[in-house]
Amino acid sequence: MARHRRKIIYLLGFMGSGKSTVGALLAREVGWPFIDLDATIEAGQGAAIREIFERVGEPFFREVERAALAEVSRTEPAIIALGGGTWTLSGNQELIRNAGGTTIWLDCSLEELLRRCTGINNRPMFRDTESFAALLNQRLPHYQLADYRVATQGCAPQEVVEKILNLRIF
Ligand code: S3P
C-alpha cells in the first residue's frame, strides 16, 4: 500500500549540487515556502556554519542539524534544501522518512561539484580535492536511496527545476 505523502520536498545531494539555488526557484514556481536547513541553523545559532564547526566541532553541528531538521519537517507544504551531510546520517534518514515527504537527489559529477566549490571558503567539509572526492564516494550509496534522482550535470538551475516539475509529484 502506498504510504501517505505529505507536501514536503527534501532536496539532497553533495556540496555544490544546487540544493539551495534550485530549492528557492522551485518553491517560487510551485508557490510553497522554501526552507534552507543551513540558513535555519545559522539563524538559530547566530553564527555561520563555518564558525559553528570551528567553535564547537562537527559532532555538535550534527546535533543542531538534527534538531533543526525535526523542526523544519513540521512545516507543510515546504521545499527543504538539506545540507550535504544531512541525509547521510541514518537517524536523519529515518526522521525524513517518518515525516512522509519526498526526497530528491540532485546528482552531479565530481568534476562539476569541484568547479562549483573551489575557491568558496564557507564550507568546512571542503578541505582539498582528495578528501572531497573520498567523501562524495562514501556518501553516494546514501544519496542513491532517495525517492528520485535528478541529473543536474551541465544544467542551469531553471532546467533542474523543470526536470523536477516533470517528475509529476506535485
Ligand atoms: C556539509 C554541507 C554543508 C553544510 C555543512 C556540512 C556536509 O551544506 O551543511 O557545511 O557535510 O557536506 P551544503 O551542502 O549546502 O554546502
Side-chain angles (χ1 to χ4, degrees), residues 8-28 33-73 75 78-96 99 101 103-146 148-153 155-157 160-161 164:
I8 310 177
I9 302 286
Y10 294 94
L11 297 180
L12 59 98
F14 206 57
M15 291 170 264
S17 59
K19 304 176 294 289
S20 303
T21 309
V22 169
L25 284 173
L26 177 65
R28 205 169 62 192
F34 171 62
I35 300 171
D36 185 296
L37 189 62
D38 283 343
T40 304
I41 294 168
E42 290 184 327
Q45 295 294 306
I49 300 286
R50 174 169 284 285
E51 287 168 351
I52 302 171
F53 268 73
E54 281 168 4
R55 282 191 210 152
V56 286
E58 187 181 352
F60 177 80
F61 170 78
R62 296 300 174 193
E63 278 178 35
V64 173
E65 182 181 44
R66 168 92 40 108
L69 175 65
E71 185 61 37
V72 299
S73 295
T75 308
I79 307 289
I80 300 176
L82 300 177
T86 319
W87 172 253
T88 67
L89 302 170
S90 62
N92 290 349
Q93 263 179 47
E94 206 175 2
L95 196 157
I96 289 168
T103 49
I104 302 176
W105 168 32
L106 302 187
D107 188 13
C108 192
S109 73
L110 170 65
E111 291 69 29
E112 191 157 331
L113 292 169
L114 267 172
R115 260 199 307 279
R116 293 183 194 166
C117 293
T118 302
I120 302 171
N121 76 345
N122 63 353
R123 288 189 170 98
M125 297 300 285
F126 181 22
R127 287 182 278 271
D128 52 64
T129 306
E130 289 70 31
S131 62
F132 190 79
L135 189 60
L136 175 61
N137 276 334
Q138 185 190 313
R139 288 176 172 179
L140 280 175
H142 298 279
Y143 295 147
Q144 284 160 357
L145 298 175
Y148 295 91
R149 167 187 171 271
V150 169
T152 68
Q153 193 64 25
C155 293
V160 180
V161 169
I164 294 174

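All ligand and atom numbering here is 1-based and tracks the order in the structure. Just so it is clear, the model here is predicted, and its values are computed rather than measured.
- Side-chain atoms of Ser20 and Asp36 form a donor-acceptor pair, as typed in the model, at a separation below 3.5 Å.
- Between Glu65 and Arg62 there is a salt bridge, since a side-chain N of the basic residue sits under 4.0 Å from a carboxylate O of the acidic one.
- Within 4.0 Å of ligand 1, counting heavy atoms only, the contacting residues are Met15, Lys19, Asp38, Ile49, Phe61, Arg62, Gly83, Gly84, Gly85, Arg123, Pro124, Met125, Arg139.
- Between the Glu42 side chain and the Ala48 main chain, no donor and acceptor come within less than 3.5 Å of each other.
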Evaluate the criterion side chain to side chain contact (heavy atoms under 4.5 Å, CB included) for residue pair Leu82 and Ile96; output intermediate values, then yes/no. CA-CA 11 Å; Leu82 300 177; Ile96 289 168; 3.7 Å; yes

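- Put simply, the side chain of Thr21 never gets that close to the backbone of Gly18: no donor and acceptor are under 3.5 Å apart.
- Taking the six-membered ring where the residue is Trp, Tyr143 and Phe14 present perpendicular rings, their angle passing 60° and hence far from 30°.
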